[in-house]
Amino acid sequence: MTIADALATEISSVLGELGIALDDTVVHLERPARLEHGDLSSNIALALAKQVGSSPRELAGRICEALQARTIEHVVSVEVAGPGFVNFRLANSWLHAVLVAVVAEGVDDYARLDLGRGERVQVEFVSANPTGPLHVGNGWLGSYGDALARLLRRCGWQVSTEYYVNDTGNQIRMLGESVLARRSGNAVPEQGYQGAYVLELAERYEGPDSVEDAGRYAAEEILKSIRLTLDRLGIVFDEWYSQASIEESGKVTETIALMRARNLIYEEGDATWLRSTELGDVRDRVLIKANGDATYLAGDLAYHRDKFLVRGFERVIDVFGADHHGQVASLEAGVEALGIDRSRLEVKLGQLVSLVSGKMSKRSGNYVRLDELIDEIGPDATRLMSLMSSIDQSTTLDLDAVTAKSMDNPVFYVQYAYARISSIGRVCEERGVIRREIDEVDLSVLGHPRELDVLRSLYTLPSVLREAATERAPYKVTNFVRTLAGEFHGFYHDCRVLGDGVSEAETQARLWLVEATRVGLSIALTLLGVSAPEQM
RNA sequence: GCGCUCGUAGCUCAAUUGGAUAGAGCAUCUGACUACGGAUCAGAAGGUUGGGGAUUCGAAUUCCUCCGAGCGCACCA
């Protein structure tokens, strides 16, 4: 139980004493933006004032008085401030207790949560068409999906990651035509793929002059190189699911039958339609074209039926680029048409990554390849850069700045903190300094503002992970790790761990502070998929 | 034209989901170790949160309304 939970319990109990019912108001403690407002703060009086029928300050005063009458561990003072906040000031001992918890639970167990309660969730991401190399935007959402999966796993979900391979349809046909055109020395068709990689594939392709064969060959080759690129970033997929396998299996027919049984299918103009307007879409959608082919949507719905009803995922998270938002309404309608509660499907739309010098487009052939970026700044920097901000925010990448100043990248700042920690360990070894067991060490000597700042950061990690997981926002972990690294650099600068001017007691306590920091950095970096080097 | 997603310091992004004086990094200027790795630390400057209304104890956040940007509006995938 954290100190915040303990204080929330005390407040609830005090409210009971005062005869105030909570109804659905939840007591929760926040860390004020300013330290002068105390270590923890509650806005409960502001939230309940109207219901109770008194002014927020007056109510806060009563709550405060009742709290002052109690003895609560670590609490030094309780006071009313501002419009009616109840602020708690805590003794440093609460942070020393945090340190003990961090090192006792360690990398595996500190800030390991059970929010998901074992729920089976599938995260589908990247799923780029195998018609060309991945570009930077794919890498951004790839890092996002992978980090989200790691985060959800740590927070108690049972996660499976998946790449949906669009290995059929017009785009593959067009790819085949482009390869054949290049092989025979002709111009690539208007809607075809112009990139240099098509020329390379044409040179290697030894099959017949068949669009299907050439397309299948090219798609397979491109998919191989996509896997290699993703490998470089440590992005792992549990499943690679073929769209062609769906269309060949008869699952589309079964899926349509299911919707027909719910009276949501009709025929018109030789085509088969889904009555999606009844389920919130702006128009009805064709599932089977007049020529008998299934549309992309039909395949996609069969795919989602497979996710939910065949494989039994309780929740599915689809990560799409914002340029696919047009298909969300029909997908959601279709899922509901299958009798699946639409709240079980979450579609996360990632805003597009644009470059300072023009935007990226796969067709035009002038986009920036993910491999090029990794070549320039390395996999760690690529991952951290892509996890710096919310995917709801459209990001602009200044390629010149990122590549030219790669030594100034935030990833080095964070990794440097880890390397410094490792360095302290090496120096200890050289000088024969031995860290004693933590219960033999007096942690109360840790009182320097820099030391307390580090511990305060570590205290926030569980709530950071809770927020990041529930909001599907791994960038919050990036913010955390940057803050923790910053606090550690400050500590390192002002508080010497080893040396002549440092007492034995300080050295021992600080060695444990260093170890706790290592645990915190390690947890966060692992979630982000960024390495923690012992030397740089 | 309709719809979706957005608009925060010169630039790239935060803001405890409605909380107290909107914060970091980069860039600019000024400082700091004979000591565990200076890829560090400290300070200064930088804002009418696109504009205007509304809701309430309280708004960058919610609701209208303009302005601007990106994307999408197929029997393509």
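Chain letters run A, B, ... following the sequence lines, proteins first and then strands; every chain starts at 1.
Nucleic acid contact for A/L46: base, since at least one base atom lies under 4.0 Å from a heavy atom of the residue. Using a 4.0 Å heavy-atom cutoff across all strands shown, A/R431 reaches sugar-phosphate atoms only and no base atom. Heavy atoms of A/A417 sit nowhere under 4.0 angstrom from any nucleic acid atom. Here A/T168 lies in heavy-atom contact (under 4.0 Å) with sugar-phosphate atoms only. Heavy atoms of A/N170 sit under 4.0 angstrom from primed sugar atoms or phosphate atoms, though from no base atom. Looking at heavy-atom distances under 4.0 Å, A/V497 makes contact with a base. The residue A/Y413 sits close only to the backbone: its heavy atoms come under 4.0 Å of sugar-phosphate atoms, none of a base. Contacts of A/G269 with the nucleic acid, taken as non-hydrogen atoms under 4.0 Å apart, include base atoms. Among the protein residues, A/R510 comes within range of no part of the nucleic acid, since none of its heavy atoms lies under 4.0 Å from any strand. Heavy atoms of A/P83 sit under 4.0 angstrom from at least one base atom. Contacts of A/S41 with the nucleic acid, taken as non-hydrogen atoms under 4.0 Å apart, include base atoms. Using a 4.0 Å heavy-atom distance criterion, A/Q535 is classed as a base contact. Base engagement by A/N87 is indicated by at least one non-hydrogen atom pair under 4.0 Å involving a base atom. Looking at heavy-atom distances under 4.0 Å, A/E36 makes contact with a base.
A salt bridge does not link A/E515 with A/R510: none of the charged nitrogens is closer than 4.0 Å to a carboxylate oxygen. A salt bridge links A/R472 to A/E346: at least one charged side-chain nitrogen sits closer than 4.0 Å to a carboxylate oxygen. A salt bridge is defined here as a Lys NZ or Arg NE, NH1 or NH2 lying under 4.0 Å from an Asp or Glu carboxylate O, and A/R450 with A/D453 fails to meet this definition.
Here the C1' atom of nucleotide B/C75 and the CZ atom of A/R283 are 10 Å apart, to the nearest Å. Rounded to whole Å, the distance from CG on A/L48 to P on B/G19 is 16 Å. Following rounding to the nearest Å, A/L349 (CG) and B/G3 (C1') show an atom-to-atom distance of 13 Å. Per the geometry, CZ belonging to A/R420 stands 9 Å off C1' belonging to B/A39, to the nearest Å. In this structure, A/F320 places its CZ atom 15 Å from C1' of B/U5, rounding to the nearest Å. Put simply, CD on A/E268 is 16 Å from C1' on B/A74, counting in whole angstrom units. Atom CG in A/N479 sits roughly 8 Å away from atom P in B/A14 (whole-Å rounding).
Picking from B/C4, B/U16, B/U40 the nucleotide with the shortest atom distance to the side chain of A/H489 gives B/U40. Among B/G19, B/C75, B/U40, the nucleotide with an atom closest to any side-chain atom of A/A271 is B/C75. Considering only side-chain atoms of A/T295, the nucleotide from B/G3, B/U16, B/C75 that sits closest is B/C75. Here the nucleotide nearest the side chain of A/H324, chosen from B/A77, B/G37, B/A14, is B/A77. Listed candidates were B/A39, B/U16, B/A42. Nearest to the side chain of A/F412 is B/A39. Ranking B/A35, B/G19, B/A15 by closeness to the A/N43 side chain, first place goes to B/G19. For A/S389, counting side-chain heavy atoms from C-beta on, the closest listed nucleotide (B/G19, B/C75, B/A14) is B/A14. Side-chain proximity of A/F85 to the nucleotides B/C75, B/G38, B/A20 is greatest for B/A20. Taking only side-chain atoms of A/H493, from C-beta outward, the nucleotide of B/A35, B/C41, B/C75 with the closest atom is B/C41.
A donor-acceptor contact closer than 3.5 angstrom is absent between the side chains of A/Q243 and A/D167. Defined by atom type and a distance below 3.5 Å, a donor-acceptor pair is missing between the side-chain atoms of A/S41 and A/E30.
In this structure, the side chains of A/R31 and A/D39 stay at 4.5 Å or more apart for every pair of heavy atoms.
Residue side chain A/R34 reaches the base of B/U21 through a donor-acceptor N/O pair under 3.5 Å, judged by distance alone. Residue side chain A/Q327 reaches the base of B/A77 through a donor-acceptor N/O pair under 3.5 Å, judged by distance alone.
Cation-pi geometry between A/R285 and A/W273 is not satisfied (NZ or CZ under 6.0 Å from the ring centre, within 45° of the ring normal).
Here A/H37 counts as stacked on B/A20: its ring centre is under 5.5 angstrom from the base ring centre and the planes meet at under 30°.
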